[in-house]
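First listed ligand is number 1; within each ligand, the first listed atom is number 1. The figures that follow rest on heavy atoms only: side chains count, while hydrogens, waters and symmetry mates do not.
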Amino acid sequence: MANFDLTREQRAGLLEAIIPELEDYYNNTAKLRVTPPLNVEEIRQAVRKVDFNHPEDAKEAVNKITEALRKYIVHTGHPMYYGLFNPRPNFPSIIADLITAVFNPQLAAWSHSPYASEVEDYLINELGQKLGFPEDSIDGVFATGGAEANITAVLCALNTAFPGYASEGLFSVKTRPVIYCSSEAHHSVVRAAKTSGLGIDSVRMIAVNKKMEIRTDILKESIATDLYEGYQPFMIMGTAGTTGTGSIDDLHSLASIAEHFGLWYHIDSAWGGAAVMNENTKPWISGIEKADSVTFDVHKWLSVPMSASMFITRHRNVLGKTFSITTGYMPKDADNLDITDSYTHSIQWSRRFIGLKLYLSMMVFGWEGYSQVIHHQVEMGNLLREVLQENGWLIMNYTPLPLVCFTDQRYISDPEFTKSICNKIVGAGDAWISLYPINGISTIRACVTNYNTTPADIRALVDAVSKVRSDL
Ligand SMILES: *Cc1c(COP(=O)(O)O)cnc(C)c1O
């Protein structure tokens, strides 16, 4: 029989080989090309030449994998990766994931992993208080990502607005329920509507103003019109830090509107929620404390490996109402003790110890460590704006967060301009940047997602785009 444990010698040999290899990658990420050449045939070939009829030595197999990963991924941990909120993972959080894999605690039931469950509960409470929720009402659950947290929010909102939803689903609802968000909201909201049975047409994507924030005047009109026409508005989803431009909706106004119409108020702060970790940036997302629920990714600005997010709510009973199912086979300790089984609070059932990477990071760096890192990245964003402007670039977005969308006034009506710059730089592997359209104008989008990005990296990015521009 195959020895799934491997022998002690094999294990020792594997660890001896893999640890320096991983350390070398982690330490020298900045020396690699940021992006891989996208040769589909070559990559597919590398994967498929493995023949499962001929098992190989574990050490050689591991070597092949790390070599391929070095070659064939975008190195999101590179300081010149200015991307889609993917962080460089801090080192303790990587160790946390390793520990999690070895101990493999099962979080579905509290009694299987009491320590792990309590760790997550503590984190949800601490972060909930940091957001400004009253301590005695906080509840929440760790999720795989913002997409899961957002559909969790939609399901909680449905269960709150429609008491018959748990048994009869949408058949208990007489007229069509409606969700409101801005046209800049993350499309996981649309997918939440698509997969929850509401359908895409149940989402009203409200127009945005010049700063790409939701137009609250249009929102109010839209809700009033829907009510008049017999629809059932039940949820507003605001965004604190949009994916495209880092815009922050007027969170206080949205709170008033949600309260006025009696709607569930969710704030998607998958990336921007981290602003609460620093006293100077926290006011930027003021109003978040008024939400009924919040999406707060850990695997974005809190710089841990994927996947980790938090859904945090100020309503103690809503997750149970939404997800709890009675079974004969699950442990029943939760009935007698003051504890929660996460399978009654989550879309997931068997669940990994997602929270450990945040717990260990917090143990090692604390609030202050996170505050400093957030401050640094905000400073790098400010520097990027400044150096771009010095070099004749035009900043096109409005946000204090370190996400900058820019173009050149002279080429403003030519989408080929930004596209060719982006393609050149990404193609050469010098940096990762992307394109984002703002009010019909194509812009280059660069977001500081790496705590190791330095002023020299920022200047290198501006030099690179400026050089391509002058070569055009
Ligand atoms: C990234 C993002 C999401 C999706 O989160 P995942 O962690 O990728 O599932 C949702 N909303 C916003 C605003 C995001 O930036």
Undergrad: So if I count the atoms of ligand 1 from 1 in the order they appear, which ones are less than 4.0 Å from some heavy atom of A147?
TA: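 Reading through ligand 1 atom by atom, the close ones are 4 (C), 5 (O), 6 (P), 9 (O).
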Undergrad: Number the atoms of ligand 1 from 1 as they appear, then name those within less than 4.0 Å of a heavy atom of F85, with their elements.
TA: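 Here the atoms of ligand 1 in question are 15 (O).
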Undergrad: Quick check: A270 and ligand 1, any N/O pair under 3.5 Å apart?
TA: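 Among all N and O atoms of A270, none is under 3.5 Å from an N or O of ligand 1.
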Undergrad: Taking the cut-offs as 6.0 angstrom to the six-membered ring centre and 45 degrees off its axis, would you call R88 and Y26 a cation-pi pair?
TA: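 Positive - R88 is close enough to the ring of Y26 and near enough to its axis.
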Undergrad: Measure from the ring center of W264 to the ring center of H315 and say whether it is less than 6.0 Å.
TA: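 Yes: the rings meet the under 6.0 Å criterion.
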Undergrad: Does any N or O atom in D268 lie less than 3.5 angstrom from one in ligand 1, N or O only?
TA: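 D268 vs ligand 1: N/O contact under 3.5 Å present.
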Undergrad: Is a side-chain donor or acceptor of S346 paired with a backbone partner of Y343 at a separation under 3.5 angstrom?
TA: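 No; judged by distance alone, with no hydrogens or angles, the pair does not exist.
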Undergrad: Before signing off on this row, confirm whether G145 and ligand 1 have an N or O atom pair separated by under 3.5 Å.
TA: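 In fact, backbone or side chain, G145 has no N or O that close.
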Undergrad: Quick one: sort the Y122 and Y359 rings into parallel, tilted or perpendicular, breaks at 30° and 60°.
TA: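 The rings of Y122 and Y359 stand perpendicular, inter-plane angle above 60°.
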Undergrad: Only heavy atoms of D297, strictly under 4.0 Å: list the atoms of ligand 1 that pass.
TA: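 The list of qualifying atoms is 5 (O), 6 (P), 7 (O).
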Undergrad: Under 6.0 Å from the ring centre and within 45 degrees of the ring axis: does the NZ or CZ of R351 meet both conditions for the six-membered ring of F323?
TA: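 Here R351 fails the 6.0 Å and 45° test against F323.
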Undergrad: Is the ring centre of Y25 less than 6.0 Å from the ring centre of H75?
TA: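 Centroid separation for Y25 and H75: below 6.0 Å.
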Undergrad: Any nitrogen or oxygen of T242, side chain or backbone, less than 3.5 Å from one on ligand 1?
TA: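 Among all N and O atoms of T242, none is under 3.5 Å from an N or O of ligand 1.
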Undergrad: Which residue is it: D292, T239, N150? I am looking for the one with a side chain to side chain donor-acceptor pair (under 3.5 Å) to H266.
TA: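 With H266 as partner, side chain to side chain donor-acceptor pair (under 3.5 Å) holds for just one option, N150.
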Undergrad: Determine, stepwise, if the pair R204 / Y231 fulfils side chain to side chain contact (heavy atoms under 4.5 Å, CB included).
TA: CA-CA 12 Å; R204 300 266 188 276; Y231 290 93; 3.8 Å; yes
Undergrad: Can you pull out the closest protein heavy atom to atom 6 (P) of ligand 1? Residue, atom name and distance to 0.1 Å, please.
TA: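 The protein heavy atom lying closest is G146 N, 3.1 Å.
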Undergrad: I'd like to check whether S188 has a polar contact with ligand 1, where a contact means an N/O of the residue lying under 3.5 Å from an N/O of the ligand.
TA: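 There is no such contact.
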Undergrad: Who's closest to atom 14 (C) of ligand 1 heavy-atom-wise, of K300, E184, M306, H187?
TA: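 When every heavy atom of K300, E184, M306, H187 is considered, K300 comes closest to atom 14 (C) of ligand 1.
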Undergrad: Could you tell me whether W271 and ligand 1 have an N or O pair separated by under 3.5 Å?
TA: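 It does not: no N or O of W271 is found under 3.5 Å from an N or O of ligand 1.
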Undergrad: With backbone taken as N, CA, C and O and side chain as the heavy atoms from C-beta onward, which portion of E148 lies under 4.0 Å from ligand 1: side chain, backbone, both, or neither?
TA: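 Neither; no heavy atom under 4.0 Å.
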Undergrad: Which residue and atom name correspond to the protein heavy atom nearest atom 10 (C) of ligand 1, and how close is it?
TA: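 Result for atom 10 (C) of ligand 1: H186 CG, 3.2 Å.
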Undergrad: What's the separation between atom CD1 in I257 and atom OH in Y180, rounded to the nearest 0.5 Å?
TA: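 It is 11.5 Å, given to the nearest 0.5 Å.
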